[in-house]
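Notes follow once the structure below has been shown.
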Amino acid sequence: MKTIYIVRHAKSSWERSDLPDEKRPLMEKGKKRTKKVIDYLHDQHVMVDYIISSHAVRAHETAKILAHALKYPADNIKIDSHIYYASGDSLINQFYDLPDRYNSVMIVGHNPSLTDFVNQFLKEPVENLPTSGVVSISFDTDQWEKIPLAKRKTNFVLFPKELP
C-alpha cells in the first residue's frame with residue numbers, strides 16, 4: 001500500500017509587493033491554520049517516509065512546519081522547483097522514481113496544479129484545495145510507478161475551515 005498526502009501551502013502574505021511570488025512568506029494566520037491541520041493529522045496517526053516541497057518560500061515553510069510536527073527531519077525535505085511550475089498531470093512524475101521502501105509520501109505545493117492532481121483520483125472532485133488543505137489517498141500497490149493504475153481509496157479530504 002502506498003499513501004500520498006497532498007498539501008497546499010499555508011496562507012501566505014501579500015504585504016510586500018516588492019517580493020517575487022516565489023519569495024512570499026507565510027502569514028501568522030496560515031501558521032495557526034496549519035497547526036489545526038497538524039492536530040488532525042496526529043489524530044489520524046499520520047507518519048511520512050518522505051516529504052517533497054516546492055521551492056517557493058511559502059511551500060517550504062509549510063513543509064518544515066509539518067515535518068517538525070510529524071517528526072520528519074526537515075533537512076531531508078526534497079525541494080523541487082518543478083512542483084511550482086507543474087500541471088496537475090505532470091505532478092505524478094514526482095512519484096515514479098521514489099524508492100519502493102517509502103510507503104507514505106507528502107507533497108507540498110500550489111494551486112491550481114494540486115487541485116487538478118487530486119481530482120484525477122477523487123470520486124467526488126473538489127472545486128479548490130484551500131490553503132493548508134490536505135488530501136490523503138492510498139493506492140493498492142507496492143510500487144510507486146504503478147499508482148496511476150492501482151485501486152485507490154480516499155482516506156480523507158481536509159479543509160481547515162471545517163476544523164474546530
Side-chain angles (χ1 to χ4, degrees), residues 1-12 20-26 30-31 33-35 37-38 40-42 44-122 126 128-150 152-158 160:
M1 192 69 99
K2 301 296 181 196
T3 301
I4 301 176
Y5 299 94
I6 303 102
V7 183
R8 184 170 172 206
H9 64 78
K11 194 162 199 57
S12 60
D21 184 65
E22 296 167 44
K23 301 288 184 191
R24 289 190 295 114
L26 295 180
K31 292 175 186 178
R33 191 177 284 174
T34 300
K35 287 184 171 100
V37 168
I38 288 166
Y40 180 86
L41 296 177
H42 283 158
Q44 299 300 309
H45 307 288
V46 169
M47 295 176 62
V48 294
D49 298 319
Y50 197 57
I51 298 177
I52 309 166
S53 174
S54 160
H55 72 289
V57 170
R58 62 193 180 274
H60 189 211
E61 286 181 0
T62 303
K64 288 192 292 188
I65 292 167
L66 290 162
H68 176 76
L70 298 174
K71 297 183 179 13
Y72 179 88
D75 291 344
N76 291 353
I77 296 170
K78 178 186 175 190
I79 305 301
D80 192 328
S81 62
H82 291 102
I83 295 170
Y84 182 82
Y85 302 103
S87 68
D89 289 338
S90 68
L91 275 176
I92 194 74
N93 295 330
Q94 292 292 326
F95 302 95
Y96 287 138
D97 294 331
L98 290 174
D100 288 328
R101 71 179 180 275
Y102 297 152
N103 290 315
S104 60
V105 174
M106 180 174 281
I107 185 166
V108 183
H110 312 272
N111 267 350
S113 57
L114 289 183
T115 297
D116 293 344
F117 179 71
V118 299
N119 282 338
Q120 293 176 51
F121 302 107
L122 296 176
V126 296
N128 177 47
L129 185 61
T131 52
S132 298
V134 183
V135 174
S136 173
I137 303 168
S138 291
F139 299 86
D140 190 10
T141 181
D142 58 356
Q143 297 177 332
W144 286 105
E145 65 186 23
K146 293 186 178 179
I147 63 172
L149 302 175
R152 57 191 166 266
K153 174 183 95 161
T154 302
N155 301 312
F156 58 82
V157 176
L158 175 62

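Computed from a prediction, not measured in an experiment: that's the story for all the values here.
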(message) Could you go through Arg24 and Ser12, starting from their C-alpha distance and side-chain angles, then the distance that decides it, and tell me whether this counts as side-chain hydrogen bond (donor to acceptor under 3.5 Å, both in side chains)?
(response) CA-CA 6 Å; Arg24 289 190 295 114; Ser12 60; 2.4 Å; yes
(request) Ignoring hydrogens and angles, tell me if any N or O in the side chain of Asn119 forms a donor-acceptor pair with the backbone of Val126 under 3.5 Å. (result) yes
(request) Would you confirm whether Asp49, through its side chain, and Asn103, through its main-chain N or O, come within 3.5 Å as a donor-acceptor pair? (result) yes
(message) Can you confirm whether the side chains of Ser113 and Ser87 place a donor and an acceptor under 3.5 Å from each other?
(response) no
(message) Assess whether a salt bridge exists between Arg58 and Asp21, defined as any Lys/Arg side-chain N lying under 4.0 Å from an Asp/Glu carboxylate O.
(response) yes
(message) Using 0.5 Å steps for rounding, measure from the CD1 atom of Ile92 to the CD1 atom of Ile147.
(response) 3.5 Å
(message) Ignoring hydrogens and geometry beyond distance, is a side-chain donor-acceptor pair present between Arg8 and Thr131 at under 3.5 Å?
(response) no
(message) As an exercise, state the distance from NZ of Lys78 to OG of Ser54, rounded to the nearest 0.5 Å.
(response) 12.5 Å
(request) Report the distance from atom OG of Ser104 to atom CG of Leu70, rounding to the nearest 0.5 Å. (result) 9.5 Å
(request) Check for a donor-acceptor pair, side chain of Lys2 on one end and backbone N or O of Asp100 on the other, with a separation under 3.5 Å. (result) yes
(request) Anything under 30° is parallel, anything over 60° is perpendicular, the rest tilted; go ahead and classify Phe139 against Phe121. (result) perpendicular
(message) Could you check whether any side-chain N or O of Thr34 sits under 3.5 Å from a backbone N or O of Gly30, counting only pairs where one atom can act as donor and the other as acceptor?
(response) yes
(message) Using a 3.5 Å distance criterion without hydrogens, assess whether the side chain of His42 forms a donor-acceptor pair with backbone atoms of Ala69.
(response) yes
(message) Once you measure the plane-to-plane angle for Tyr40 and Phe156, does it fall in the parallel (<30°), tilted (30-60°) or perpendicular (>60°) bin?
(response) perpendicular
(message) Donor-acceptor pair, distance only, cut-off 3.5 Å: does the side chain of Glu145 make one with the backbone of Tyr96?
(response) no
(request) Specify the closest pair of heavy atoms between Val37 and Pro160, including all atoms of both residues, with the distance to one decimal. (result) CG2-CG, 3.9 Å
(request) Classify the ring geometry between His110 and Tyr84 as parallel (under 30°), tilted (30 to 60°) or perpendicular (over 60°). (result) perpendicular
(message) Within this structure, what is the CG-CD1 distance for the pair Leu122 and Ile137, rounded to the nearest 0.5 Å?
(response) 5.0 Å
